[in-house]
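For reference, the structure discussed in these notes is given below.
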There are 2 protein chains.
Amino acid sequence: MTIKNSNIEHFKDTLQAEGLRLTSQRIAILEDILASEEHRECDDILFSLRSNQISVSRATVYRTLEILEKGGFVRKMNIGDGRFRYENKLPKPHHDHMICLECGRIIEFVDQEIEARQVHLTKQHNFKLVRHIHQLFGICEDCQPAAANKGV
Amino acid sequence: MTIKNSNIEHFKDTLQAEGLRLTSQRIAILEDILASEEHRECDDILFSLRSNQISVSRATVYRTLEILEKGGFVRKMNIGDGRFRYENKLPKPHHDHMICLECGRIIEFVDQEIEARQVHLTKQHNFKLVRHIHQLFGICEDCQPAAANKGV
DNA sequence: TGCTTTATTGAGACTCAGTATCAATATAAA
DNA sequence: TTTATATTGATACTGAGTCTCAATAAAGCA
Ligand SMILES: [Mn+2]
Ligand SMILES: [Mn+2]
Ligand SMILES: [Zn+2]
Ligand SMILES: [Zn+2]
């Protein structure tokens with residue numbers, strides 16, 4: 001609760017710096033995101049809010065997610081399926097993702113050797129590295145027996 | 001020309017194996033892709049065909065791209081902008097991409113250390129690696145002076 | 001507290017890449 | 001040729017995400 005409130009304060013400051021206002025909808029959306037460890041799409045968040053009797057429009061969720069992304073509260077990502085997903089970024093250092101093609105499970109990882117190679121490779125091309133996406137697609141441990149039966 | 005024709009033959013074989021037919025539209029689309037080094041979206045291919053007085057419907061381009069992807073002729077990729085791009089895969093070994101946020105230029109790279117780390121990391125999680133996406137976003141050499149003026 | 005300004009909201013229209021439908025047409029095999 | 005059926009193009013449709021705008025609510029101030 002105290003942690004949450006400090007995040008809401010931080011959000012309020014971020015909003016004020018841009019001349020934006022702190023609304024009940026924005027608080028509800030941020031709190032929902034802070035309470036989740038998942039990589040969710042807009043509608044997941046919307047339905048989660050509704051299951052807590054909070055009614056917000058889809059447009060407002062999209063609008064708030066954009067503000068939260070710019071403010072560094074959430075990370076927007078896509079795993080190639082044409083939809084964007086959002087994850088609570090505050091408690092997490094940078095990481096990349098392994099994504100199970102069967103069940104959608106996401107395993108997070110970081111590897112300093114890879115991070116270092118990225119810097120090295122971009123320097124070779126005089127390319128100024130800003131950010132990166134690194135996604136490993138495959139079959140997770142739990143899904144391998146089932147996948148084998150289907151011939152994957 | 002001879003190289004092209006052998007690719008068309010290969011395409012024909014692939015189609016026949018599936019009970020599909022070789023049509024003038026499919027040949028035109030494959031030839032257009034074989035003649036390009038770029039990472040193009042559907043409409044780029046469509047307009048390229050039209051500039052050569054070849055009229056094909058957008059639906060047919062999409063349908064053919066799907067067949068070509070399954071057959072290993074093209075690689076379908078997205079760089080996070082919500083549209084798919086396709087590149088001629090035949091002459092190329094596996095590689096990943098650096099993408100310029102200013103001009104869209106794409107630089108291809110491969111790094112055996114990174115490839116090896118990916119295998120290592122997935123093994124640690126008993127994750128069966130199938131494919132991966134690794135994209136480095138930033139500012140290319142040519143765009144850095146312009147970007148500096150804009151404060152990037 | 002009440003007033004004023006203006007940011008925000010929700011409903012629904014809209015966009016746009018990609019997919020599905022279906023009658024007309026072209027392919028390939030006999 | 002003839003025939004069976006795969007393919008095409010036109011166009012309707014889908015679905016994630018954006019835009020519009022009148023009604024509402026937040027924030028600063030008297
Ligand atoms: Mn994550
Ligand atoms: Mn490439
Ligand atoms: Zn799985
Ligand atoms: Zn550039």
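Protein chains get the first letters and strands the later ones, always in sequence-line order, with residue 1 at the start of each.
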Round to a whole Å and report the spacing from CG of L68(A) to C1' of dT8(C). 15 Å
Would you tell me if any nitrogen or oxygen in the side chain of Y62(B) comes within less than 4.0 Å of OP1 or OP2 on dG18(C)? yes
Measure up the H10(A) and F73(A) rings against each other and bin them: parallel (under 30°), tilted (30 to 60°), perpendicular (over 60°). tilted
Measure the shortest side-chain to side-chain distance between F11(A) and N7(A) over non-hydrogen atoms and say whether it is less than 4.5 angstrom. no
H97(A) side chain to H95(A) main-chain N or O, any donor-acceptor pair under 3.5 Å? no
How close or far is atom P of dG15(D) from atom CZ of F84(B), stated in whole angstroms? 16 Å
Rounded to the nearest angstrom, tell me the gap between atom CZ in R40(A) and atom P in dA16(D). 17 Å
On a plain distance test, is the side chain of R63(A) in donor-acceptor contact with the base of dG10(C) below 3.5 Å? yes
Which is more 5' along DNA chain C, the nucleotide nearest K12(B) or the one nearest R83(B)? Just name the residue. R83(B)
Keeping S51(A) on the side-chain end and S48(A) on the backbone end, is there a donor-acceptor pair under 3.5 Å? yes
For dG9(D) and T60(B) - does any side-chain N or O of the residue sit under 4.0 Å from the phosphate oxygens OP1/OP2? yes
I'd like to know if the side chain of D44(A) and the backbone of E41(A) have a donor-acceptor N/O pair within less than 3.5 Å. yes
Nearest-angstrom distance from the residue atom CG of L46(A) to C1' of dG10(C): 12 Å
Expressed in angstrom and rounded to an integer, what is the separation of R58(B) atom CZ from dT14(D) atom P? 19 Å
Grab the CZ-C1' distance between F11(B) and dT27(C) for me, whole Å please. 14 Å
Could you list by number each residue of residues 14-26 of chain B showing a heavy-atom separation from DNA chain C of less than 4.0 Å, or answer none if no residue does? Q16(B), R21(B), L22(B)
Please compare E66(A) and A59(B) by the position of their nearest nucleotide in DNA chain D and report the one closer to 5'. A59(B)
Mutual orientation of the aromatic rings belonging to H134(A) and H134(B) [parallel < 30°, tilted 30-60°, perpendicular > 60°]: parallel
In whole angstrom, what separates M77(A)'s CE from dG17(D)'s P? 13 Å
When rounded to whole Å, the NZ to C1' distance for the pair K76(B) and dA17(C) reads 11 Å
Report yes if some heavy atom in the side chain of R85(A) is under 4.5 Å from a heavy atom in the side chain of I79(A); otherwise report no. yes
